[in-house]
Each structure stands twice: as C-alpha cells, then as structure tokens.
K.L.:
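The structure is given below, and queries will be raised subsequently.
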Amino acid sequence: MMKFSSKILLLALAAVAAFSCKKDEETTSKTLGGSAKLEYPEFVEPGFTKKFGLDSLMTFTRDDGGPIGYFFTAPITSNRDTVCNGQGEVLHREYISVAPDSLGNFSLTFTAFAEGYVNDPVYANFTVVRHGLNGKSSLTNFDIKDSDRTFTDPRDGQTYYYTTIGDTDWMRQNLAWEGAGRPYYDCEAMSPIFGRYYTWHEAQTACPEGWRLPSDEDWAAMASFYGGNSVPGADFTDLAGDLMENIYFNEIRLWEFNREVKVTNAARLSVMPVGFARIEKGEYSFADLYKYAAFWTSDETADDSGVFRYLYEDETLVYWGSITKNDVAFSVRCVRDAS
C-alpha cells in the first residue's frame with residue numbers, strides 16, 4: 001500500500017513539474033509588436049484575385065530586434081505560403097490570393113512568427129458568390145417557367161424576368177443598373193444578385209427606356225388582383241406572402257419561416273428581403289438583410305419626402321411609408337404598360 005501511494009505521489013509531482021514548465025514557457029513567450037490589416041471585399045466572385053504588397057504588411061516588431069517570418073494560409077487548401085522565412089529573408093514582395101470556385105464563407109490568414117514569440121493571425125473573411133439563376137448560382141429556388149419572358153437592358157446587358165399583372169409589366173428582379181446607386185456592402189459582385197440600392201432621386205431616372213418607376217397607384221392596382229385593401233396611400237392587407245418567394249442565398253433561406261405569413265409568390269414578383277442602406281455623410285451602412293424589403297415609388301409627400309413600399313418577414317401587410325429622399329437607399333422595381 002505504501003509503495004502504491006508513493007507511486008501516485010511521484011506521478012502527481014511529475015504532473016506539477018510539467019505544468020510548471022509549461023507555465024514558464026508560456027510566461028517567457030512574448031507577443032510581437034505592431035499590427036496589420038488585410039483589405040478584402042466582403043463578397044467576391046469565384047476566381048477573384050487580390051494582390052497584396054508585402055511591404056505594407058510585414059510591419060511587426062520584436063523587442064530584441066531579431067528577424068520575423070511571415071506566411072499566408074490559403075482558404076480550403078490551408079496551404080501555407082511563406083513570403084518571408086524565419087531568418088527574415090524576404091522570398092516574395094507580392095502575394096496573390098485567388099478566391100475559391102466554391103460558394104460560401106472563407107478566410108485568408110496572414111501570420112507573423114518568430115522563435116520565442118506568439119502572435120495571432122490576421123484574418124480576411126469573405127463570401128464567394130455567383131450571379132445568375134441557373135441552379136448553380138448564389139440565388140436558388142427562383143421560380144422560372146419555360147413561358148417566362150425576359151427583358152435585356154441595352155445600357156449594360158443585364159437581363160430581367162418580368163410578369164404581367166393586369167395591364168402592367170413588372171420586373172421580377174431588383175434593378176441592377178450600375179449607372180447609379182450602390183451594391184450591397186459596396187461589392188460589385190452583389191449588384192446582379194441583390195440589385196442596387198438607390199436614393200429616391202436616383203430611382204426616378206434609373207429604369208431603362210420604356211420602363212418607369214412605379215407610382216403608388218401602380219402598387220395599388222397590382223394589389224387589387226390579390227384581395228385585401230388596395231387603396232393608394234394606405235397599407236395593403238394580406239398581400240405580403242403573395243409577393244414573397246422562398247429564395248435561397250448561398251443555401252440560406254432569405255425569408256425565414258414564420259407561421260403568420262404564408263409565402264406563395266402568387267404575384268410572381270419574387271420579392272427578396274435584401275434590406276436597405278442608411279446614408280450618413282456619403283457613407284452607406286447596410287441593414288436588415290433577411291428581414292425587410294423596401295422599394296421606392298415615384299410619389300412624394302407635401303413635405304418633400306419620398307414614398308416607398310416595404311415588407312417585413314413576419315407581417316402580412318405591405319406597408320406605405322415616407323422618408324427623407326437622400327438619407328436612405330432602397331431597391332427599385334421597374335414597370336411598363338403591357339403591350
């Protein structure tokens with residue numbers, strides 16, 4: 001019994017010693033000084049390339065003035081690309097990152113290292129997206145029939161599906177004309193996917209020739225086909241689900257399930273909740289993705305506010321609203337008289 005107890009004691013002492021050594025190692029490791037930032041768009045297309053000049057990134061320091069190494073770690077493959085070895089010898093002055101072909105969220109990392117020092121990697125997080133509606137793009141489950149008609153904008157070659165409601169043709173996708181407005185998070189890769197976000201003044205002239213920005217009367221005429229209130233200047237009741245479609249973005253359902261709203265897309269307008277943008281001193285901040293869809297009308301109020309229509313994820317109403325014309329940016333749908 002004494003022999004067994006002694007063995008237990010020796011093991012315990014060894015564990016304490018090992019812990020103490022590890023603790024000493026941790027306390028003797030130092031952190032490199034300085035910082036770096038990888039500038040990378042939030043959203044990119046497959047194959048997007050980004051060139052990094054390393055002189056602006058290899059700026060870390062150590063207190064003893066010794067050498068520092070640097071390496072990148074590529075997404076998916078996790079391949080380590082050393083651009084400066086542990087002896088401080090620069091192997092490359094530039095590094096080119098290529099976005100993966102797969103859709104989804106990824107990270108590119110940049111790490112500084114030196115013997116006896118610890119340092120956290122610098123991350124560039126981004127999302128790979130692909131435009132189109134062919135089943136291999138970022139948007140999926142968009143309802144397309146063989147009989148559906150399209151219009152191609154001669155200004156930029158963008159093609160839009162449209163549907164006829166009463167005597168009016170409605171575009172089924174948000175306008176993506178790059179002559180005005182901003183793309184989501186200022187990433188051009190998102191322009192043909194979510195459409196662009198326009199101020200009221202931009203929206204008035206954004207539609208292609210032969211098309212126009214719908215008035216609130218156009219919205220009311222469309223609403224009259226699907227029941228409920230359809231009076232201009234008032235909220236439309238029991239309509240939101242008829243405009244919404246269960247579209248997915250990079251396999252994420254845009255309209256989250258809500259038992260209060262039956263999503264049918266009966267009007268075949270395929271409305272998506274891509275939120276809106278607040279504008280302050282020329283800076284755009286994007287909000288309410290997956291929750292909110294908002295569209296400018298051509299109308300304005302007596303106090304010079306712009307009129308818009310909007311939908312929430314958990315409401316059956318299509319709301320009427322007005323707001324300062326240049327403080328927000330909303331989506332645009334274009335209409336024309338049906339032939």
K.L.:
What class does the angle between the rings of Tyr312 and Tyr319 fall in, given that below 30° is parallel, 30 to 60° is tilted and above 60° is perpendicular?
P.N.:
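It falls in the perpendicular class, over 60°.
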
K.L.:
With salt bridge (Lys or Arg N to Asp or Glu O under 4.0 Å) as the criterion, how do Glu209 and Arg336 come out once you've worked through the C-alpha distance, each side chain's angles and the decisive distance to 0.1 Å?
P.N.:
CA-CA 10 Å; Glu209 184 176 356; Arg336 69 182 179 185; over 6 Å; no

K.L.:
Hey, what do you get for CH2 (Trp296) to OH (Tyr310), rounding to the nearest 0.5 Å?
P.N.:
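Trp296 atom CH2 to Tyr310 atom OH measures 12.0 Å (nearest 0.5 Å).
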
K.L.:
Any chance you could measure Ile279, atom CD1, to Thr199, atom OG1, to the nearest 0.5 Å?
P.N.:
6.0 Å

K.L.:
Would you call Glu188-Arg196 a salt bridge at under 4.0 Å N-O?
P.N.:
yes

K.L.:
Inspect the contact between Asp64 and Lys30 and indicate whether a charged nitrogen and a carboxylate oxygen are less than 4.0 angstrom apart.
P.N.:
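No, this pair does not count.
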
K.L.:
Do the ring centers of Tyr184 and Phe194 come within less than 6.0 Å of each other?
P.N.:
yes

K.L.:
Kindly say whether the aromatic ring centers of Tyr284 and Tyr197 come within a distance under 6.0 Å.
P.N.:
no

K.L.:
Check each of Trp200, Phe330, Phe276 against Phe308 using the ring pair (Phe, Tyr, Trp, His ring centres under 6.0 Å) test, and report the only one that passes.
P.N.:
Phe330

K.L.:
How far does OG of Ser270 sit from CD1 of Ile247, to the nearest 0.5 angstrom?
P.N.:
5.0 Å

K.L.:
Of the options Glu202, Gln204, Glu300, which is the one that meets Lys325 in a side-chain hydrogen bond (donor to acceptor under 3.5 Å, both in side chains)?
P.N.:
Glu300

K.L.:
Check whether Asp235 reaches the backbone of Trp320 with its side chain - one donor and one acceptor, N or O, closer than 3.5 Å.
P.N.:
yes

K.L.:
Hey, what's the ring geometry for Phe286 with Tyr185, parallel, tilted or perpendicular (30° and 60° as the breaks)?
P.N.:
parallel

K.L.:
With clusters defined by side-chain heavy atoms of hydrophobic residues (ILVMFWY) lying less than 4.5 Å apart, directly or transitively, does Leu103 cluster with Phe48?
P.N.:
yes

K.L.:
Can the ring centroids of Phe236 and Trp219 be said to lie less than 6.0 angstrom from one another?
P.N.:
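For Phe236 and Trp219, the ring centres are not under 6.0 Å apart.
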
